[in-house]
Structures are given as C-alpha cells and as structure tokens.
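A quick write-up on the structure given underneath.
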Amino acid sequence: MSGTGNEQARKTAEGLAYSAGFGNEHSSEAVPGALPEGRNSPQRAPLGLYAEQLSGTAFTEPRHSNRRSWLYRIRPSAAHPQFTRTGNGHLASAPFTDAVPDPNRLRWNPLPEPPAGTDFLAGLWTLGGNGDVTQRTGMAVHLYAANASMTDRVFSDSDGELLIVPESGGLLLRTEFGLLRAEPGHVALIPRGVRFRVELLGPTARGYVCENYGQPFVLPELGPIGANGLANARDFLAPVAAYEDTEGPVEVVNKFCGNLWTATYDHSPLDVVAWHGNLVPYVYDLRRFNVIGSISYDHPDPSVFTVLTSPSDTPGLAGVDFVVFAPRWLVGEDTFRPPYFHRNVMSEYMGLIEGAYDAKTAGEGGFVPGGGSLHNMMSAHGPDRETFERASAAELKPQKVDDGLAFMFETRWPVTLTPHAAGADHLQTGYDGVWQGLQRHFRR
Ligand SMILES: O=C(O)Cc1cc(O)ccc1O
Ligand SMILES: [Fe+2]
C-alpha cells in the first residue's frame, strides 16, 4: 500500500512524484494527517505512528551543514531482532590493507556477467578505497552488476552514503522515504543508514557506486561563477512518502564497520507513512548539469565540473568530489583542448556512462562504458598518444563534445585496491602502452 500527499511534490515524465531542491526542508505524507503539526514528537503521534529521528550529522553541527529527518512509521526501527554476521561477498571496506598501494596507471574492462539471480547487493564488487570506516573518513569505489531485483530483503549502509551511478539498466529504489527512479545518466544518493531495496527496471543493471564514509556530499561553492550554475539545487529530487504495510519475513542487511550483518524482521522496515527534514535520498539527472568552461583559451581544471563534494576539515580539500564530463562546446583559441598532461596530488577514479571520453581512445580494449581507470596521486597521465596527435593538429573551430558522459571520483587519498581488483581478469594489461610512442619534437 502506498500513497503521496505533498503539495510541493511534482510528477516527472516517469510518473513518480518527487519533492525538489537540494538540502531543502522537505515534508511528505502518504496519508493525510500523518505528519504532526508544530512539533516533532507529540505525546501520541498521528494515526498511531511512531516518531523517530534519523541523524546524518552530529546534533550540534552548524545549521548550514546539519542534516536530520523525522520519520513517522508503523513500527519503530528499534523493534528488531539481533543481527548476526553474514558473508561480505566482494564488498570490502577501508582500511584497505590487503594489497600494496600501486603507483601504476590501471584500467579495467566492465565487470563480467554475474551468475543468474544476482541482485544489486550481491552484485557489489569493491575496486578499492581509502580512509577508515570507523573514523568516518575516506571512500570506496564499487561497481555492481545485477540481473535480479532484491526481493524480501533490504540493505542499509551504516558506513557511509552511497552515490549510485547507473551505466546500463534502470533502477527503482524503494527507500524508507519513498521511491526513486535512476536510469543511466542519473545519479542516486542514499544517505548513511537509510534502508532501501533495489528493483531492476530491465533484465540487467550495471554501474558504479561511490561509498562516501566522510562528510555528506554537498553542492560545491560557486565563487565568482555567481549564484547559479553547475548542478542547480532545484534539479535534485527527493521522493515523496510511500510506505509498505507488509507483515512477514524481510531480511535486513546492515553494512557496519566493514562487515555485513543480517537480521530477519517480521515486517517491512520501509513502513514510513510520513516524514520531514533535510536528510533525504535523491536523484539527479546529469544532463541537467550546467557546464562552465573556458571561452577564451586553455583547458580549465576539472573542478569546474564538480557536481557534489564531500568537504574535509581543510577548506577546498575534498574527501571526495563527484565530477561529470558532460556534453559541452570547446572554443579555446590556440589551445590544446582535451585534458592536459598532468600529475595530481588527488587520486582519480574515472568511469564512463556512455560513448567516449575526449582524452582516451575509445573502443575495444580502451576506455569503454562500464569500465574504469585509476590514476593514483602523482601518477602521470593525460591524453593518450592518439588523442595528443589528433588534438595537436586539429583545426580549432568551435566543437561540440557530445558523444559521451564520463565521470570521476576524485579523492584526497590514494585508492588502494582490493586483491580481487588487483588480480581481476578484466584488469587490462598494457595500459601504459597508450602513452608510448609520443615522439620527441624538441628542436632548438
Ligand atoms: O585525467 C582526467 O582525464 C581527468 C581530468 C580532466 C580534465 O579535464 C583535467 C584534468 C583531469 O585530471
Ligand atoms: Fe586526471
């Protein structure tokens, strides 16, 4: 049973109702009258519901970064049986100590097809990461490949928020806050601790996940860009309340300090009838990104393409940035237009949602949708030989780059691999070769 009841909610083309705005104080009730008026926790909550607060930041964090929501549910979350350990599969967590951090440039092909019956949770495959889940620092890079919906089970991640980047196959995310639809080209964010179930909209689904152990993602500052631009706050869509009133066994899997724990509830924990607050799951369509770039000369640093940033205690130094390389015009005069050669103190994991990326040769054995590359701190990279030769000779008329959608998880600490990523069959050999044969042109 489900419903919606928010005046501010709006229908999207896909038929789901959403409540728009990044960081807003949203409110939503699936049954009229389910939200208490004027207080969060009345002596008896409306309709016999239980009131419960979910905190995403410490109670005392500054107002601008404080995140919490109040949930009005059929049963309190506290009414659950004991959790016991279950297998972690290919899901791993920080600290990553099983492999030696690798200064080499690395690139993977897409994940192989999973066995039949693999759902989103079982299909998570950790590439690597940094920090420490118990310290709430750092991040992990995961990929997923699934061919089944989650049925009779839900997942929650106590270790961090999950930024899901579908590459193929749409997802329907049934969360405690309501429903989100995430297709390739969208990203979805599930806050730390929020229970959700992933249903596939087609036969298979594949994509990437940034698990952010650190401070919740926020929109980057705009500085001299002004009051508008990059990802606009109003394009972030939170769900409206939609609840499940089901009795019967439901497995709840909780990722806690690096391990999966399971408990079988006798009801669905997606039983929130109404909620309000600013800690919410959301979806964002990357095609809405307002791309800022140079209209004179030189290739700008990719920080101008930041969609979301997880700040650290040092201003300007992100735990992790989520960056998108979206369609855009290139007009730079006397400029080498693709990404430049560089060595970065930050570490860069890149993935491809569709098409090609302008610094890397596309196609079989190259940088392909569903694949990924890792350029750890200080590793030398940039345009491959083919790209360098092409772009150095290109006629510099205005050019639309609109044949791809790539992204980067850029993090302050090197990404240490899991042993299964370091030894994967789909790890490409000979990636260094793309920078071989760059001729010397020096003359005096
Ligand atoms: O390495 C990459 O392709 C990512 C990247 C893109 C860019 O436009 C400038 C610098 C950078 O690291
Ligand atoms: Fe780079």
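- Formation of a donor-acceptor pair under 3.5 Å by the S379 side chain with backbone atoms of N104 is not found in this model.
- For F256 and W261, the distance between ring centers is not under 6.0 angstrom.
- Aromatic rings of W125 and H142 (six-membered ring for Trp) have centroids beyond the 6.0 Å cut-off, not under it.
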(message) Between T126 and H90, does the side-chain contact (heavy atoms from CB on, under 4.5 Å) criterion hold? Intermediate values first, please.
(response) CA-CA 6 Å; T126 305; H90 284 105; over 6 Å; no
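- If you run ring pair (Phe, Tyr, Trp, His ring centres under 6.0 Å) between H342 and each of H381, H375, H299, only H381 comes through.
- Put simply, the side chain of E183 never gets that close to the backbone of L171: no donor and acceptor are under 3.5 Å apart.
- Judged by distance alone, the side chain of R197 and the main-chain N or O of V154 form no donor-acceptor pair under 3.5 Å.
- Remark: aromatic rings of F407 and Y208 are close, center separation under 6.0 Å.
- D119 places no side-chain N or O within 3.5 Å of a backbone atom of N147 that could act as its donor or acceptor partner.
- In terms of modelled atom types and a separation under 3.5 Å, the side chain of S347 and the main chain of N376 share no donor-acceptor contact.
- A donor-acceptor pair is defined here as one N or O able to donate and one able to accept, closer than 3.5 Å; no such pair exists between the side chain of N232 and the backbone of N228.
- In terms of modelled atom types and a separation under 3.5 Å, the side chain of S149 and the main chain of T151 share no donor-acceptor contact.
- The existence of a salt bridge linking D358 and R328 is confirmed by a sub-4.0 Å separation between a basic side-chain nitrogen and an acidic carboxylate oxygen.
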(request) Given side-chain contact (heavy atoms from CB on, under 4.5 Å), test T309 with F322 step by step and report yes or no. (result) CA-CA 6 Å; T309 182; F322 174 64; over 6 Å; no
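- The closest side-chain heavy-atom distance from Y340 to D301 is below 4.5 Å.
- Residues W329 and D402 have side chains not in contact (no heavy-atom distance under 4.5 Å, counting atoms from C-beta outward).
- Salt bridge R105/D432: present, at least one basic N to carboxylate O contact under 4.0 Å.
- A heavy-atom distance below 4.5 Å is found between the side chains of L54 and L279.
- A salt bridge is absent between E61 and R67; no separation between the charged side-chain nitrogens and carboxylate oxygens falls under 4.0 Å.
- Each of Y284, F217, Y282 was checked for a ring pair (Phe, Tyr, Trp, His ring centres under 6.0 Å) with F22, and the lone residue meeting it is Y282.
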(message) Assess the residue pair T134 and D132 against the criterion (side chain to side chain donor-acceptor pair (under 3.5 Å)); give the C-alpha distance rounded to whole Å, side-chain angles, the decisive distance to 0.1 Å, and a yes or no.
(response) CA-CA 5 Å; T134 65; D132 187 333; 2.8 Å; yes
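- Between the side chains of S158 and N254, at least one donor N or O lies within less than 3.5 Å of an accepting N or O.
- For the residue pair Q215/S310, the side-chain donor-acceptor check at 3.5 Å is not satisfied.
- With salt bridges taken as basic N to acidic carboxylate O contacts below 4.0 Å, none links E211 and R192.
- The backbone N or O of L317 sits less than 3.5 Å from a side-chain atom of S312, completing a donor-acceptor pair.
- A donor and an acceptor atom, one from each side chain of T411 and N130, are located under 3.5 Å apart.
- Between E25 and R68 there is a salt bridge, with a side-chain nitrogen of the basic residue lying less than 4.0 Å from a carboxylate oxygen of the acidic one.
- The existence of a salt bridge linking E251 and R195 is excluded, since no basic side-chain nitrogen approaches an acidic carboxylate oxygen closer than 4.0 Å.
- In this structure a side-chain-to-backbone donor-acceptor pair under 3.5 Å is present from D159 to G258.
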(request) Take W108 and Q428 through the test side-chain contact (heavy atoms from CB on, under 4.5 Å) and record every step on the way to the result. (result) CA-CA 5 Å; W108 289 261; Q428 296 181 357; 5.9 Å; no
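- No donor-acceptor distance shorter than 3.5 angstrom exists from the side chain of S392 to the backbone of E389, with no hydrogens or angles considered.
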(request) Evaluate the criterion side-chain contact (heavy atoms from CB on, under 4.5 Å) for residue pair F388 and W435; output intermediate values, then yes/no. (result) CA-CA 9 Å; F388 179 77; W435 292 286; over 6 Å; no
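- Side-chain atoms of D271 and S268 include no donor-acceptor pair closer than 3.5 Å.
- Here the straight-line distance linking atom OG1 of T306 with atom CG of L222 works out to 10.5 Å at 0.5 Å rounding.
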(request) Would you check, one step at a time, whether the test side chain to side chain donor-acceptor pair (under 3.5 Å) holds for N24 with N278? (result) CA-CA 5 Å; N24 278 6; N278 59 3; over 6 Å; no
